[in-house]
Every structure is written in C-alpha cells, then in structure tokens.
Amino acid sequence: MSDQIRVRFAPSPTGRLHLGGARTAIYNWAFARTHGGTFILRIDDTDPERSTEENTQQILRSMEWLGLDWDEGPQKGGDFGPYFQTQRASHYQAALERLIEKGAAYPCFCTAEELEASRAAARERGDSFQGYQRTCRNMDPAEAQARIDAGEPHVWRLKVPEDHPAVVFEDAVHGTCRFEAKELDDMVLVRSDGTPTYNYATVVDDGEMGITHVIRGDDHLSNTPRQILVFEALGYKIPTFAHLSMILGSDGKKLSKRHGATSVEEYRDRGFLNDALVNYLALLGWSLDGETTIIHPDQIAQSFTLDRISKNPAVFDEEKLLWMDGEYMNSMSDQEFAQRILVPQLAEAGFIPPESYSQRAAWYDQLSNILKPRCRVMGDAAEKSRFLFDLVYDEPSVNKNLAKEGTRGYLRACYETLEVLGDDIWTAEDIDAALEEVPVKLGVPKKKVFQALRVAECGHQVSLPLGPSMELLGKRESLSRIELADPLAQD
Ligand code: GLU
C-alpha cells in the first residue's frame with residue numbers, strides 16, 4: 001500500500017443523510033481531493049433492523065446532489081470491496097480466525113444475566129471499573145472448545161494484553177487523547193449470532209481498505225481507543241483520527257429533527273443550491289483563513305487541511321445559509337440564473353413549458369437580472385415573478401391601495417401618460433421617467449399613485465420594481481392591467 005491518502009465516509013443507512021453526516025462527507029471528500037487521495041464511500045449497514053435499501057439509495061442520491069463524487073464504493077466498485085458491510089462477513093470471519101490463532105481473541109459464554117450480576121457486584125464494591133471482568137479469559141482452551149462444540153452460545157472478545165499501556169493518540173482536531181487501558185474491557189468483537197460489532201467491523205474494514213485518516217463525528221471519540229486496540233491486534237497501521245465537533249441548533253443543543261429540516265434532501269426540495277449548502281456546511285467547523293465566507297466547493301476541494309478544523313462546536317444558523325444561498329444565486333450570470341433556476345422553476349410551477357428559454361432568452365435574462373439579488377432560495381424566483389404570468393389580486397393590497405378614494409383618477413392619469421409613449425421607448429427608464437410626472441401633475445403624494453399602479457400591475461403592494469416589471473409585461477399588457485383594475489378603484 002502506498003502512502004497515498006485514503007479516507008472514507010461510512011454512513012449507516014438507518015435514516016436520511018442529515019446535515020451532520022453531510023459535513024463529515026464533505027470534509028472527507030475535500031481532504032482527499034486537496035491531497036490527491038482516494039475518497040471511499042462505505043455503507044455501514046450492519047444494523048439489520050434499521051438499515052434499509054431506501055435509505056441507502058437516498059444517501060447515494062444526496063451525495064450525488066451535493067457533488068461529493070466518491071472514487072470507490074457503491075456503483076463505482078474498487079479494489080477493496082465489497083463496500084457494504086453486510087457483504088463483508090467473510091472478511092470479519094477471516095480476521096477473527098487470525099486473532100484466535102494468535103491468541104488475541106477468546107470465546108466468552110457469560111449470559112446477559114451473569115454479566116449484569118457481575119456489573120452489579122462491581123457497583124456494590126464501589127469499583128470504578130464496571131466493565132467485563134474477564135471471567136472467561138483464562139478458561140482452559142479444551143473446555144472452551146468443548147462448550148463451543150456443544151453449541152453453547154458465545155461471543156468472541158478481544159484479549160487486551162495484560163500490560164497494555166494507556167492508549168494515547170494525537171487527534172488532528174482534539175490534540176492528545178489518553179485513555180487508561182484498564183478502563184477498556186475486553187470488548188466483544190463478534191456477537192453470539194455471528195455478527196460483528198461496530199468497533200470490530202469498522203477496524204477490519206478501515207484496515208483492509210488502507211484508510212489513512214478517519215474523519216468522523218466526535219460521538220465516536222470514545223470508541224477510538226477500543227478501535228486502536230483492534231488495529232494493534234490485527235497488525236494494521238493505525239490511521240490518523242480527526243474527530244469533528246457536533247453541530248448545534250440555535251438553542252445550543254445537538255442539531256436534530258426538533259430544529260426543523262435536517263436532511264440534505266429537505267434542503268434540496270426547498271430549493272437550496274447544492275454548492276451553497278456544501279459551502280455553508282464546510283464552514284461549520286472549518287475555515288479557509290478565518291474570514292472568507294464564500295468558498296466555492298471547487299476551491300474547498302483544493303484547500304482543505306485538517307489543521308483548520310475547529311475544536312469548538314458550530315451552530316447551525318438557517319438565516320446564514322439563506323444568505324449564502326442568495327449570494328450564490330446573485331453571483332450567477334443572468335443567463336445561468338435564467339437557465340438553471342428561473343425557467344425550470346417557472347416550468348415546474350406550470351407557468352411556462354420547460355423549453356421556453358431559447359424562444360425569449362433576452363426576456364428571461366432581463367427578468368433574471370432583476371430577480372437575482374432578491375432571491376434567497378430557488379423557489380423565490382417563481383414566486384416573485386408569477387405575477388408576470390398570472391395576475392392574482394392580493395385582497396389586503398387591493399383594500400389598502402386601490403379601493404381608496406381618488407385612485408381611479410390616478411390610474412387614468414398613468415394610463416394616459418403611458419399610452420402616448422412610443423413602442424420603441426417602452427423601457428423601465430422611460431416608463432419611470434414618464435410616471436414621475438403623474439403625481440406632480442395631480443398634486444398628490446407619489447406613494448399613493450405608485451402603490452395603486454403597482455397593485456394594478458402586479459396584484460400586490462410588494463413586488464419587483466415597477467418600471468422593470470412593466471417593461472417585462474410589455475406595453476399592451478401593462479395598459480390592459482390598468483383597465484382591468486378600474487372596477488376596483490374609486491372616484
Ligand atoms: N456508521 C458509523 C456512523 O454512521 C460510522 C462511524 C465511523 O465513521 O467510524 O456513525
């Protein structure tokens with residue numbers, strides 16, 4: 001095995017890919033890409049009751065949508081497969097046989113009741129160690145074999161060397177971590193039903209797959225000394241560990257469903273841009289230089305180093321994510337925004353056929369130019385421009401701005417002013433300039449006239465800027481909307 005960096009993201013398909021998992025995936029991916037290494041996706045599906053095929057598919061979809069391409073794993077294959085733990089039983093069995101052979105694993109026949117009784121006794125004695133008391137560790141091998149042959153249920157435990165010193169490792173995020181070996185019991189490697197435990201399967205896989213860096217959530221920090229003992233027993237090189245601090249919700253508690261949307265697919269469905277989400281999640285615990293906030297995923301994939309990961313828990317703030325999403329949209333060219341966001345969103349909302357762009361490219365580009373700085377999620381594009389396709393009067397807006405004394409006169413004056421504009425000067429600038437004169441001539445406040453006209457044109461008192469909106473509507477439609485609003489106005 002070369003010194004090439006090999007990292008893995010190993011989700012358990014017991015639910016959707018959530019934001020915390022996505023951040024772990026992003027860090028592994030970006031670390032591999034930055035260092036020209038290999039990014040492996042492994043599915044930890046050893047929990048048969050909670051793992052589902054649907055969840056696996058959903059995780060793969062989320063990874064793809066985020067743009068986190070993996071080099072080895074499901075759909076890709078690779079030299080170190082299979083990449084599903086349920087398909088690796090023979091690997092766990094072979095590794096166990098190696099451990100048995102070298103005397104590093106032994107069978108334990110203690111029943112759950114016996115283990116509980118021994119724990120209770122330790123508690124009673126006031127022992128600080130309440131783990132497994134190594135009851136079966138020194139059983140005569142012939143007796144053990146006879147009991148196995150007789151079909152007695154048993155697990156396989158790791159025989160931690162008697163004189164093992166404290167387990168010490170340098171975590172790339174948390175620094176030196178030290179665990180006294182006597183606090184670590186002879187952990188179960190293989191359960192009585194033959195299935196491997198997480199700490200065992202993970203090490204067999206990480207070892208066989210040549211993983212050089214384990215980057216994962218710090219909920220696994222306490223598993224690490226146990227895993228190191230297994231690495232040692234199996235004779236694998238111990239990887240570098242980097243344990244990531246939790247992501248917290250605004251209330252300071254671990255981010256969870258209670259805080260609203262937490263799965264990647266929910267954010268996709270709400271119209272967030274994948275790049276913005278990757279950028280935002282990457283910054284929850286990592287920084288390029290402590291100040292840059294907009295870092296495109298391509299750039300993250302060139303500049304990710306472990307030394308810039310923060311030890312402190314990061315707080316997820318949806319407002320910031322919305323802001324960032326808006327920044328990504330605003331930084332697109334008008335054409336890109338129109339083709340990637342506006343037209344698909346309008347088509348999805350049923351306002352236009354999907355292939356509309358090429359027929360009116362300049363018009364969609366112009367609309368995009370106005371919309372871009374005003375959108376935070378993709379869905380805003382259709383929402384904010386729907387009035388161009390489908391005029392719906394908002395009742396409170398009508399009551400407040402149109403159904404008022406004198407508005408009929410305002411609308412009429414606007415109509416007359418606009419009607420005489422030549423077709424060739426129907427631009428936002430000319431429209432605005434012409435309309436400026438109306439309130440002056442009428443001797444009424446600007447706002448009254450323009451709000452009445454705005455509701456007539458857009459259906460709502462809050463809308464895109466009036467002049468550009470009317471330019472996009474075109475002269476005929478703008479004028480006919482004024483006529484249409486006449487019955488709502490008052491003398
Ligand atoms: N399947 C484990 C999890 O989802 C992986 C932990 C690890 O990376 O070792 O938490």
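One-based numbering, in listed order, for ligands and for the atoms of each.
- Contacts of ligand 1 (protein heavy-atom distance under 4.0 Å) are R8, A10, S12, D44, Y198, T202, R216, H220.
- Between the R374 side chain and the I370 main chain, a donor and an acceptor come within less than 3.5 Å of each other.
- Judged by the 6.0 Å and 45° rule, R376 forms no cation-pi pair with F272.
- Considering every non-hydrogen atom in both T293 and L283, the closest pair reads O-CD1, 3.2 Å.
- Less than 6.0 angstrom separates the ring centroid of F304 from the ring centroid of Y27.
- Not counting sequence neighbours, the partners of H213 by the ring pair (Phe, Tyr, Trp, His ring centres under 6.0 Å) test are F31.
- Cation-pi geometry between R157 and Y132 is met: the NZ or CZ atom falls under 6.0 Å from the ring centre, inside 45° of the normal.
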